[in-house]
A.B. asks: 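Provided herewith is a single structure, encoded as structure tokens, for subsequent inquiry.
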Amino acid sequence: MYLDFVNLTTISAALALIGTVGIIALPKPLDKVIMFALLQGGFVGMIVAAKYLDVAMAAAIFDPIATIILLIGIIKINEVRKKNQESQEDGNLA
Amino acid sequence: MIIHANVFIYLIALAAALILGLVLRLPLLPNKPIRHSWTISAVFPTAVLAVGFYAMVYELGYQGYIVALITGIITALFSKFILEKLVPVPQKDGEEESSHE
Amino acid sequence: MNEILGIAIAAVICWVNFVLIDTWMGLPEGPGVKGADVIGRSVQKRGGDLAGGFFQGNIVCSPDASAGTLLAAIGCYAIGIPEGGLIAAVLVYFGNRLCADPGYAGTTGALSITVIIFLTSFIGFKTEYFIVGMVIAILTIQGIYHPGASRLLGKIAHKMGRHTKLT
Amino acid sequence: MLIEILGIIVVLMALRTLVAQNRSERLLYLNVIGFSMSAIIGLYIQTPFGAIIAITFFVTSTLSSNAIAYSLGRVKEEIMVK
């Protein structure tokens, strides 16, 4: 039966692979962050499948910290680019 | 019987937290539109937290009436003095955001 | 009891439990945090109802009665019948306060599903059925067709008097 | 039987996340993945510490969803460098 093939290890591996494909293929930065959150789920699942429970606890706690640092960087760089664009248009008008 | 714990001990922890919370002048119920209020009252967080903390202590291996009583007292003191500093009301953040835009 | 039949009945019980508690606690009335507003407007733009969109956005942005139902079922499965649900209620309360939410819906859902699991364990329901049933119930709301699900949730909110006043 | 049902749901939702058109639609599918992964963790590790890990994983994944949705409202349209 094919249902024997579905267990926690293969599910987590499939999740991590789909997340990797999404990070590479999607163009916009926020889409990349969403797929990165998906990859983190697969990563924690893989650690749990190997029964390293303390490592899984630490990984689960540190996940949103990584996501929030990435989001702060995206928001800041977007504001800087918007300001840059406006100043460039002003220069063109002058 | 499927239920393992004695229900009576949970009632002791709940009652201890409730009575000590009322003695410490926590209000009995939150302000009137209950689903939007943020006040820490005797019924909502304190009683639930007392039962939950006693369940944790029970799983760690300490059981009995005296443990339930001590857990209720510590929970009432915790939710009176520490809980507001541990989980602050995020009203300031929202106001700052709305004024920022 | 047959396994498939048990999972189906448990899914229906979980669906009714968390939708009624979330609607009663006022999730469709307005966005609790700012991210729920974005998701609700996006669902409305794709042809759904605004109150249902706020409901879905609030479920995404903070652990509500749906999370309380799932985590109390997991706690009852792994720890024990009354203790796991109570421990899950405390942890869901702290998670709710971290996500800037008052936390009434999560604890109410956890306590009510603990009572339901305790009562139905006498007639042969296993606790695993409720875990799988909760995932299937959340799949029907968040995972299949969002405008249709939001219209159904809007009708329920209208019937219970919790429809949104925002436009 | 139970883990197989949840696993099929997870893989299906991951594929829908990859091919979805709208960005907030992606966030809703991601929420389903958080629910079912913590359910699988709870079913696979049948000890009290497994339940604690499942609860922690669910709450932290909700936190990161909250942050993503907030910055989705903050960043209206991204400016890409050619």
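Proteins come first, then strands; the chains are lettered A, B, ... in the order of their sequence lines, and each starts at number 1.
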A.B. asks: For Phe58(D), is it the side chain, the backbone, both or neither that has a heavy atom under 4.5 Å from a heavy atom of chain C?
C.D. replies: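 For Phe58(D), the side chain is the part near chain C, not the backbone.
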
A.B. asks: Show your working on side chain to side chain contact (heavy atoms under 4.5 Å, CB included) between Gln142(C) and Phe35(D) and close with a plain yes or no.
C.D. replies: CA-CA 11 Å; Gln142(C) 308 262 30; Phe35(D) 268 87; 5.7 Å; no

A.B. asks: Taking all atoms of both residues into account, what is the closest heavy-atom pair of Ala69(D) and Val38(C), and its distance?
C.D. replies: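 Between these two residues, the closest heavy atoms are O-CG2, 4.3 Å.
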
A.B. asks: Within a strict 4.5 Å, meaning less than it, do heavy atoms of the Val43(C) and Glu25(D) side chains meet?
C.D. replies: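 No - every pair of side-chain heavy atoms lies 4.5 Å or more apart.
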
A.B. asks: Tell me which of these, Ile138(C), Ile79(C), Ile39(C), Ile87(C), has more heavy-atom pairs under 4.5 Å with chain D than the rest.
C.D. replies: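 That would be Ile138(C).
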
A.B. asks: Distance from Ile3(D) atom CD1 to Glu128(C) atom CD, nearest 0.5 Å?
C.D. replies: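 The distance works out to 10.5 Å.
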
A.B. asks: Please find the pair of heavy atoms, one from Cys99(C) and one from Thr62(D), that lie closest to each other, and give the distance.
C.D. replies: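 Looking at all heavy atoms of both residues, the closest pair is SG-CG2, 4.5 Å.
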
A.B. asks: Please state whether the side chain, the backbone, both or neither of Ser66(C) comes within less than 4.5 Å of a heavy atom of chain D.
C.D. replies: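 Contact with chain D involves both backbone and side-chain atoms of Ser66(C).
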
A.B. asks: Between Ala78(C) and Ala51(D), what is the shortest heavy-atom contact and its length?
C.D. replies: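 Smallest heavy-atom distance, with atoms named: CB-CB, 3.7 Å.
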
A.B. asks: Please tell me if the side chains of Arg46(C) and Ser24(D) come closer than 4.5 Å, counting only heavy atoms from C-beta onward.
C.D. replies: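 Yes - at least one pair of side-chain heavy atoms lies under 4.5 Å apart.
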
A.B. asks: Excluding sequence neighbours, so at least two apart, what forms salt bridge (charged side-chain N to carboxylate O under 4.0 Å, His left out) with Glu29(C)?
C.D. replies: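 Once residues adjacent in sequence are excluded, the partners of Glu29(C) under the salt bridge (charged side-chain N to carboxylate O under 4.0 Å, His left out) criterion are Arg35(B).
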
A.B. asks: Report which part of Leu43(D) has an atom under 4.5 Å of a heavy atom belonging to chain C: side chain, backbone, both, or neither.
C.D. replies: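 Backbone plus side chain of Leu43(D), per the 4.5 Å heavy-atom cut-off to chain C.
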
A.B. asks: Would you mind telling me which of Val59(D), Asn66(D), Leu72(D), Leu28(D) has the largest number of heavy-atom pairs within less than 4.5 Å of chain C?
C.D. replies: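 Of Val59(D), Asn66(D), Leu72(D), Leu28(D), Leu28(D) has the most heavy-atom pairs under 4.5 Å with chain C.
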
A.B. asks: Which pair of heavy atoms, one from Gly42(D) and one from Ile74(C), lies closest together, and at what distance?
C.D. replies: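 Closest approach of Gly42(D) to Ile74(C), heavy atoms only: CA-CG2, 4.1 Å.
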
A.B. asks: Between Ile59(C), Val92(C), Leu70(C), Ile131(C), which residue shows the highest count of heavy-atom pairs closer than 4.5 Å to chain D?
C.D. replies: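 Counting heavy-atom pairs under 4.5 Å, the top option is Leu70(C).
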
A.B. asks: Using side chain to side chain contact (heavy atoms under 4.5 Å, CB included), reason through Ile7(C) and Ile5(D) one step at a time and then give a plain yes or no.
C.D. replies: CA-CA 11 Å; Ile7(C) 288 172; Ile5(D) 295 173; 4.1 Å; yes

A.B. asks: Non-hydrogen atoms of chain C under 4.5 Å away: do they reach the side chain of Leu6(D), the backbone, both or neither?
C.D. replies: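 Side chain only.
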
A.B. asks: With rounding to the nearest 0.5 Å, note down the distance linking CG in Leu2(D) to OH in Tyr77(C).
C.D. replies: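 Between Leu2(D) CG and Tyr77(C) OH, I get 7.5 Å after rounding to 0.5 Å.
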
A.B. asks: Does any part of the side chain of Thr56(D), heavy atoms only, come nearer than 4.5 Å to the side chain of Leu91(C), both counted from C-beta?
C.D. replies: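 A side-chain contact under 4.5 Å is absent here.
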
A.B. asks: Just to be sure I understand the criterion: a residue of residues 7-19 of chain D counts if one of its heavy atoms is under 4.5 Å from a heavy atom of chain C. Which ones qualify?
C.D. replies: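 Listed by number, the contacting residues are Ile9(D), Met13(D), Arg16(D).
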
A.B. asks: For chain C, find which of Asn31(D), Thr47(D), Ile41(D) contributes the most heavy-atom pairs closer than 4.5 angstrom.
C.D. replies: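 The residue among Asn31(D), Thr47(D), Ile41(D) with the greatest pair count is Asn31(D).
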
A.B. asks: For Val33(C), which atoms come within 4.5 Å of any heavy atom of chain D: side chain, backbone, both, or neither?
C.D. replies: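 When you check distances to chain D, only side chain atoms of Val33(C) fall under 4.5 Å.
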
A.B. asks: Decide if atom CD of Gln46(D) counts as having more than 12 heavy atoms of other residues, nucleotides or ligands within a radius under 6.0 Å.
C.D. replies: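 Enclosed.
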
A.B. asks: If you count heavy-atom pairs under 4.5 Å with chain D, which of Gly84(C), Gly35(C), Ala88(C), Ala36(C) comes out on top?
C.D. replies: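 Top option by heavy-atom pairs under 4.5 Å: Gly35(C).
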
A.B. asks: Which one wins on heavy-atom pair count under 4.5 Å against chain D: Pro63(C), Gly143(C), Ser42(C), Gly95(C)?
C.D. replies: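 Highest number of heavy-atom pairs under 4.5 Å: Gly143(C).
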
A.B. asks: Counting only heavy atoms closer than 4.5 Å, note whether Ser38(D) contacts chain C via side chain, backbone, both or neither.
C.D. replies: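 Both backbone and side chain.
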
A.B. asks: Please name the residue in the list Val132(C), Leu139(C), Val135(C) that meets the side chain to side chain contact (heavy atoms under 4.5 Å, CB included) test with Ser36(D).
C.D. replies: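 Of the listed residues Val132(C), Leu139(C), Val135(C), the side chain to side chain contact (heavy atoms under 4.5 Å, CB included) partner of Ser36(D) is Val135(C).
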
A.B. asks: Please classify the contact of Ile141(C) with chain D as side chain, backbone, both or neither, using a heavy-atom distance under 4.5 Å.
C.D. replies: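 For Ile141(C), neither part sits under 4.5 Å from chain D.
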
